[in-house]
Amino acid sequence: SLLMIVGVGVALYAIVGLIEDVLEHQLGRWGRKRMEHQIEHLRDHVILCGYGRVGRGIVPLLTGRSTVVVVDRDAARVLDAQDSGLRAIEGDATDDDVLRVAGITRAATLVVSLQSDADAISTVLSARGLNPGLRIVARANAANSEAKLVRAGVDHVVNPLRLGADRLATFALQPAVADFVDLV
């Protein structure tokens, strides 16, 4: 009788685990389909590729002015973006199909904030091919990548390290000017 009780318990545990996996998979699929359906109706939105430290800093500056769609290959970051109320897609921004799902052909702006400059260049080339009229802003991680990003089709390149160095030097040498610029 002990063997029967243990056997039934193990069988029930396995069945509950299987049902949980199936439900979780179906709910995740339903959520992705719902997100893709919402994105299909967007026009003139901003696509943000990369939801890392810099991408997270960009979002609050954009959300009041435009709808933002986040693309990131890290599932945890995508969940974090969705928990923040953003539309987010898990995928590689260098993939044309992922950019299409994000609505690249209907988007107004693409912000590329990827950790790899090579991935950023590839993403820009793909985006420019899919939407020639798109405004593209990209982060350069290295000084020698800035010209390559411009050649790839970026409208504005930002190098956070150089900007940070400029700001630090300005605050060190001309704090009143830096404070005035911040105020303006």
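All residue numbers in this chain count up from 1 along the given sequence. The basis for the numbers below is simple: all heavy atoms, side chains too, and nothing from hydrogens, waters or symmetry mates. Fair warning: this is a prediction, and the values are worked out from it, not measured in the lab.
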Any side-chain donor near an acceptor of the partner, Thr94 and Asp119, under 3.5 Å:
no
Does Asp155 use its side chain to pair, donor to acceptor, with the backbone of Ile136 at less than 3.5 Å?
yes
Report whether Ile104 and Leu125 are members of the same hydrophobic cluster (ILVMFWY, side-chain heavy atoms less than 4.5 Å apart, transitive linking).
yes
Shared ILVMFWY cluster between Leu62 and Leu86, side chains joined below 4.5 angstrom?
yes
Under a single-linkage definition using a 4.5 Å side-chain heavy-atom cutoff for Ile, Leu, Val, Met, Phe, Trp and Tyr, are Leu114 and Val150 assigned to the same hydrophobic cluster?
yes
Between His45 and Ala102, is there a donor-acceptor pair closer than 3.5 Å when you use the side chain of the first and the backbone of the second?
yes
So, applying side chain to side chain contact (heavy atoms under 4.5 Å, CB included) with Tyr51, which one of Val78, Val71, Val59 is it?
Val59
Donor-acceptor under 3.5 Å (Arg73 side chain, Ala93 main chain)
no
Backbone of Gln115 reached by a side-chain donor or acceptor of Asn141 within 3.5 Å
yes
Can you name the nearest heavy-atom pair linking Arg139 to Val54, along with the distance?
NH1-CG2, 3.1 Å
Set out, in order, the CA-CA distance, both residues' side-chain angles and the distance that settles side-chain contact (heavy atoms from CB on, under 4.5 Å) for Val112 and Val137, then state yes or no.
CA-CA 6 Å; Val112 182; Val137 181; over 6 Å; no
So how far is it from Leu79 CG to Ser84 OG, rounded to the nearest 0.5 Å?
10.5 Å
Which value, rounded to the nearest 0.5 Å, describes the distance between Leu61 atom CG and Ser66 atom OG?
12.5 Å
Heavy-atom closest pair (Gly57 atom, Pro60 atom, distance to 0.1 Å) is O-CD, 3.4 Å
Taking all non-hydrogen atoms of both residues, which atom of Glu146 and which atom of Ala140 are closest, and how far apart?
CG-CB, 3.7 Å
Asn159 and Ala142 have their tightest heavy-atom pair at ND2-C, 4.0 Å
Stepwise side-chain contact (heavy atoms from CB on, under 4.5 Å) check, Asp74 with Asp80
CA-CA 10 Å; Asp74 186 328; Asp80 187 36; over 6 Å; no
Using the rule given for side-chain contact (heavy atoms from CB on, under 4.5 Å), can you reason through Ser113 versus Ile58, listing the C-alpha separation, both sets of side-chain angles and the distance that settles it, and then say yes or no?
CA-CA 9 Å; Ser113 178; Ile58 294 169; 4.3 Å; yes
Quick check against the 3.5 Å criterion: does Arg128 have a side-chain atom that pairs as donor or acceptor with the backbone of Val154?
no
Tell me whether Val101 is reachable from Val69 by hopping between hydrophobic residues (I, L, V, M, F, W, Y) whose side-chain heavy atoms are closer than 4.5 Å.
yes
Can you name the closest pair of heavy atoms from Leu134 and Ala127 and give their distance?
CD2-CB, 4.0 Å
With rounding to the nearest 0.5 angstrom, report the OG1 to CG distance, Thr123 to Asp95.
9.5 Å
If you apply the rule salt bridge (charged side-chain N to carboxylate O under 4.0 Å, His left out), what do you find for Asp97 with Arg100, and how did you get there?
CA-CA 5 Å; Asp97 292 333; Arg100 282 189 191 98; 3.0 Å; yes
Within 6.0 Å of CG in Leu12, more than 12 heavy atoms from elsewhere:
yes
Which one of Val111, Val124, Leu99 satisfies the side chain to side chain contact (heavy atoms under 4.5 Å, CB included) criterion with Cys49?
Leu99
